[in-house]
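The structure appears below as structure tokens.
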Amino acid sequence: MQKIEKRVSPKGPFVVIVGPTAVGKTKVSIDVAKEMDSEIVSADSMQIYEHLDIGSAKPDVIEQDGVKHHMLDCIPLDYSYSVAQFQSDARNSINSIINKGRLPIVVGGTGLYVHALTHDIDFTRVVGDEDYRKQLEAISEEKGKEFLHNMLIEKSLDRAKNIHPNNVKRVIRALEILNDDSVKNNDTYDFEKPLHGIDFTIIGLNMDRQQLYDRINLRVDIMIEDGLIDEVESILASGFSKDLVSMQGIGYKEIIEYLEGIVTLGQAIYNIKKASRRLAKKQITWFKRDKRIKWWDLSDQDYCGATNEVIEYINDWRMSI
RNA sequence: GCCUCGGUAGCUCAGUCGGUAGAGCAAGGGACUGAAAAUCCCUGUGUCGGUGGUUCGAUUCCACUCUGAGGCA
């Protein structure tokens with residue numbers, strides 16, 4: 001675990017486009033960016049990795065259509081990236097775009113990453129403490145998950161009531177934060193703390209659930225046709241371990257199971273589709289509760305109309321700030 | 001034409017010796033502070049093929065009927 005040297009604050013206004021996987025964020029955002037002479041900052045925890053091209057649905061150079069993309073295809077596969085680092089790196093990207101006099105458009109489906117960019121959360125304060133974590137893991141093993149959770153209740157009932165005792169990973173991290181001296185006497189460690197002084201607007205894209213699922217299923221079939229299996233084989237042949245965090249992404253872990261003979265190709269494809277549908281559902285759940293989002297419905301494939309409306313909306317918003 | 005076995009949740013099927021039903025998968029809802037495509041929690045969604053009959057009461061028993069599979073002609 002490494003410490004992020006300095007906290008980065010965004011310098012100026014930016015746009016955010018969110019939505020579930022396969023809804024059409026990439027297409028809409030590139031069209032909008034071209035129209036507005038913008039650059040895109042990706043907020044996607046998988047597309048950020050190198051070599052995860054087909055399976056992460058990363059836009060290639062042709063699809064990018066001349067629009068400059070940041071935070072895409074830039075982290076080595078064997079590096080364990082994190083939201084803290086993303087917050088810092090993405091804000092640097094945003095600021096570099098603003099320095100060019102352009103409007104940054106953040107695009108992505110990773111809710112926590114977007115949350116970190118659009119709230120005043122300071123991840124630099126509490127660094128991971130491996131020894132303390134091991135100690136807590138040992139307590140969980142020996143005395144049980146409930147015992148560990150009770151420790152959290154004693155320190156902060158507020159934090160404890162939103163974390164289920166079975167979610168040991170979360171309980172440990174919460175204890176780690178509360179154990180840090182800088183947090184102990186500081187009640188401003190607020191997940192929802194607004195980002196003051198910076199104007200931004202969040203646009204959400206969604207569509208009829210069944211239509212979205214049809215698109216997901218079709219896209220998985222296309223990924224297989226485009227050579228997802230070769231992509232996974234070549235990653236493994238390059239010496240990367242299947243245990244890497246990056247290789248737990250949807251489309252990768254399932255193909256690895258197929259390559260290892262655990263499941264048939266048909267089952268692997270079925271599993272990828274299922275996991276993708278569940279991802280979309282979770283993303284919708286995450287974004288639904290964010291009342292700042294202005295939603296557009298992309299059902300029935302009306303991309304042109306929606307894109308024009310979004311452009312108009314952004315123009316109006318810019319005039320108002 | 002005759003015989004046999006089926007028809008119950010989106011799918012595959014249990015089950016009720018008569019008191020309006022439950023598993024798996026699929027699905028839905030939710031939590032979220034340094035792995036977030038991660039981690040974790042909650043939920044059965046139903047004209048029991050149709051119409052009659054027997055019964056206090058039928059998804060269950062009976063008759064007819066529609067429908068699927070197999071067998072015999």
Side-chain angles (χ1 to χ4, degrees), chain A residues 1-4 7 20-22 42-49 52 55-58 75 78-89 108-130 132-133 140 145 148-149 152 156 158-180 182-183 186 188-193 209-210 212-213 216-217 220 223 243-255 267 270-290:
Chain A
M1 191 76 54
Q2 68 188 66
K3 181 145 182 147
I4 287 134
R7 203 171 163 213
T21 184
S42 170
D44 186 300
S45 64
M46 287 296 143
Q47 291 181 0
I48 197 166
Y49 285 110
L52 305 187
S56 76
K58 190 188 291 169
I75 300 295
D78 52 3
Y79 187 88
S80 285
Y81 205 64
S82 71
V83 62
Q85 195 135 22
F86 175 82
Q87 185 191 47
S88 165
D89 294 345
T110 302
L112 182 62
Y113 283 14
V114 171
H115 192 97
L117 280 189
T118 57
H119 289 86
D120 187 15
I121 300 173
D122 184 0
F123 288 105
T124 64
R125 200 156 43 184
V126 185
V127 186
D129 180 340
E130 284 302 324
Y132 188 55
R133 274 187 196 178
S140 172
K145 297 167 180 175
L148 197 70
H149 191 251
L152 184 57
S156 168
D158 231 33
R159 298 278 297 124
K161 67 186 178 192
N162 283 330
I163 303 176
H164 192 278
N166 286 352
N167 205 348
V168 175
K169 198 157 107 176
R170 285 284 179 71
V171 174
I172 288 178
R173 178 58 190 163
L175 282 167
E176 187 176 74
I177 291 166
L178 293 167
N179 189 51
D180 191 281
S182 65
V183 176
N186 190 335
T188 59
Y189 208 81
D190 180 5
F191 192 48
E192 303 287 344
K193 193 175 176 190
R209 191 68 66 93
Q210 193 51 55
L212 182 64
Y213 284 3
I216 287 170
N217 295 338
V220 172
M223 284 176 179
D243 297 322
L244 292 169
V245 169
S246 53
M247 294 307 281
Q248 307 312 307
I250 295 169
Y252 297 93
K253 57 177 180 289
E254 293 85 356
I255 293 298
Q267 285 166 333
Y270 177 85
N271 289 339
I272 295 171
K273 290 177 179 175
K274 180 171 69 179
S276 301
R277 277 183 250 126
R278 288 182 173 166
L279 167 63
K281 190 165 89 75
K282 277 198 309 189
Q283 289 172 310
I284 291 167
T285 297
W286 178 285
F287 292 126
K288 221 166 29 180
R289 78 165 179 179
D290 190 339

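A, B, ... follow the sequence lines: proteins, then strands. Residue 1 opens every chain.
One can find a donor-acceptor pair under 3.5 Å joining the base of B:A38 and the side-chain atoms of A:Arg170. Evaluation of atom-type donor-acceptor distances gives no pair under 3.5 Å for the side chain of A:Arg173 against the base of B:A35. Residue-to-nucleotide contacts include a donor-acceptor pair under 3.5 Å from the side chain of A:Lys281 to the base of B:G29.
Here the side chains of A:Lys274 and A:Arg278 are in contact, with some heavy-atom distance below 4.5 Å. Two residues are said to be in side-chain contact when any heavy atoms from C-beta on lie closer than 4.5 Å; A:Leu148 and A:Lys145 fail this criterion. Side-chain contact check for A:Val168 versus A:Ile172: some heavy-atom pair is nearer than 4.5 Å. Between A:Leu52 and A:Met247 the shortest side-chain heavy-atom distance falls below 4.5 Å. You'll find the side chain of A:Arg209 reaches within 4.5 Å of the side chain of A:Lys281, heavy atoms only.
Taking the six-membered ring where the residue is Trp, A:Tyr81 and A:Phe86 present perpendicular rings, their angle passing 60° and hence far from 30°. Ring geometry, A:Trp286 versus A:Phe191: the interplanar angle exceeds 60°, so the pair is classed perpendicular (tilted spans 30 to 60°).
Using a 4.0 Å heavy-atom distance criterion, A:Lys288 is classed as a sugar-phosphate-only contact. Backbone-only engagement by A:Tyr81 is indicated by non-hydrogen atom pairs under 4.0 Å involving sugar-phosphate atoms exclusively. Nucleic acid contact class of A:Phe86 (heavy atoms, under 4.0 Å, all strands): none. Across all strands, A:Ser56 comes closer than 4.0 Å to base atoms (heavy-atom distances). Contact annotation for A:Gly55: base contact, defined as any heavy-atom pair under 4.0 Å involving a base atom. Using a 4.0 Å heavy-atom cutoff across all strands shown, A:Tyr270 reaches sugar-phosphate atoms only and no base atom.
Listed for the A:Tyr252 side chain is a donor-acceptor partner under 3.5 Å among the backbone atoms of A:Gly55.
Between A:Leu52 atom CG and B:A38 atom P there is a gap of 14 Å when expressed in whole angstrom units. For the pair A:Leu175 CG and B:G34 C1', the computed distance is 15 Å after rounding to whole Å. In this entry the distance linking NZ of A:Lys282 with C1' of B:U39 reads 8 Å, nearest Å. Distance A:Leu148 CG to B:C40 P: 14 Å, rounded to the nearest Å. Between the P atom of B:A35 and the CG atom of A:Asp243 lies a distance of 17 Å, rounded to the nearest Å. The distance from atom CD1 of A:Ile163 to atom P of B:A31 is 14 Å, rounded to the nearest whole Å. One interatomic measurement links the two molecules: CD1 of A:Ile250 to C1' of B:A35, which rounds to 14 Å at whole-angstrom precision. Atoms CZ (A:Arg278) and C1' (B:U43) sit 14 Å apart, rounded to a whole Å.
Closest to the A:Asn162 side chain, of the nucleotides B:A26, B:A31, B:A36, is B:A31. Listed nucleotides: B:C25, B:G34, B:C41. Nearest to the side chain of A:Ala84: B:G34. You'll find that the side chain of A:Asn167 is closest to B:A31, out of B:A37, B:A31, B:A36. Comparing B:C40, B:A27, B:A37 against the side chain of A:Asn166 picks out B:C40 as the nearest.
In secondary-structure terms, RNA chain B builds stems of at least 3 consecutive Watson-Crick or G-U pairs, each pair having both distances under 3.5 Å, at B:1-7 with B:66-72, B:10-13 with B:22-25, B:27-31 with B:39-43, B:49-53 with B:61-65.
Within the structure, every side-chain polar atom (N or O) of A:Arg277 is placed at least 4.0 Å from both OP1 and OP2 of B:A26. For the OP1/OP2 pair of B:G28 and a distance below 4.0 Å, the side-chain nitrogens and oxygens of A:Tyr213 include at least one atom meeting the criterion. In this model, the phosphate group of B:A37 is not approached by any side-chain N or O of A:Tyr252 to a distance below 4.0 Å at OP1 or OP2. For B:A36, the OP1/OP2 oxygens have no side-chain nitrogen or oxygen of A:Thr110 closer than 4.0 Å. Taking only side-chain nitrogens and oxygens, A:Ser45 comes nearer than 4.0 Å to OP1 or OP2 of B:A37.
To the nearest whole angstrom, the two P atoms, one in B:C17 and one in B:U60, are 13 Å apart. Atom C1' of B:G68 sits at a distance of 11 Å from the matching atom of B:G49, rounded to the whole Å. Remark: the separation of the C1' atoms in B:A58 and B:G53 is 11 Å, to the nearest Å. Look at the C1' atom in both B:A26 and B:C11: the space between them is 7 Å, to the nearest Å. The C1' atoms of B:G50 and B:A14 are separated by 24 Å, rounded to the nearest whole Å. A distance of about 29 Å separates the C1' atoms of B:G19 and B:C5, rounded to the whole Å. Between the P atoms of B:U55 and B:G18, the separation comes to 16 Å (whole Å). B:G44 sits 40 Å from B:U4 when the P atoms are compared, rounded to a whole Å.
Heavy-atom nearest nucleotides on RNA chain B were determined for A:Asp44 and for A:Arg209, and the one closer to the 5' end corresponds to A:Arg209.
The only option from A:Thr110, A:Val83, A:Ile121 that meets the side chain to side chain contact (heavy atoms under 4.5 Å, CB included) definition with A:His115 turns out to be A:Ile121.
The two atoms that bring A:Ser80 and A:Val245 nearest to each other are OG-CG2, 3.9 Å, heavy atoms only.
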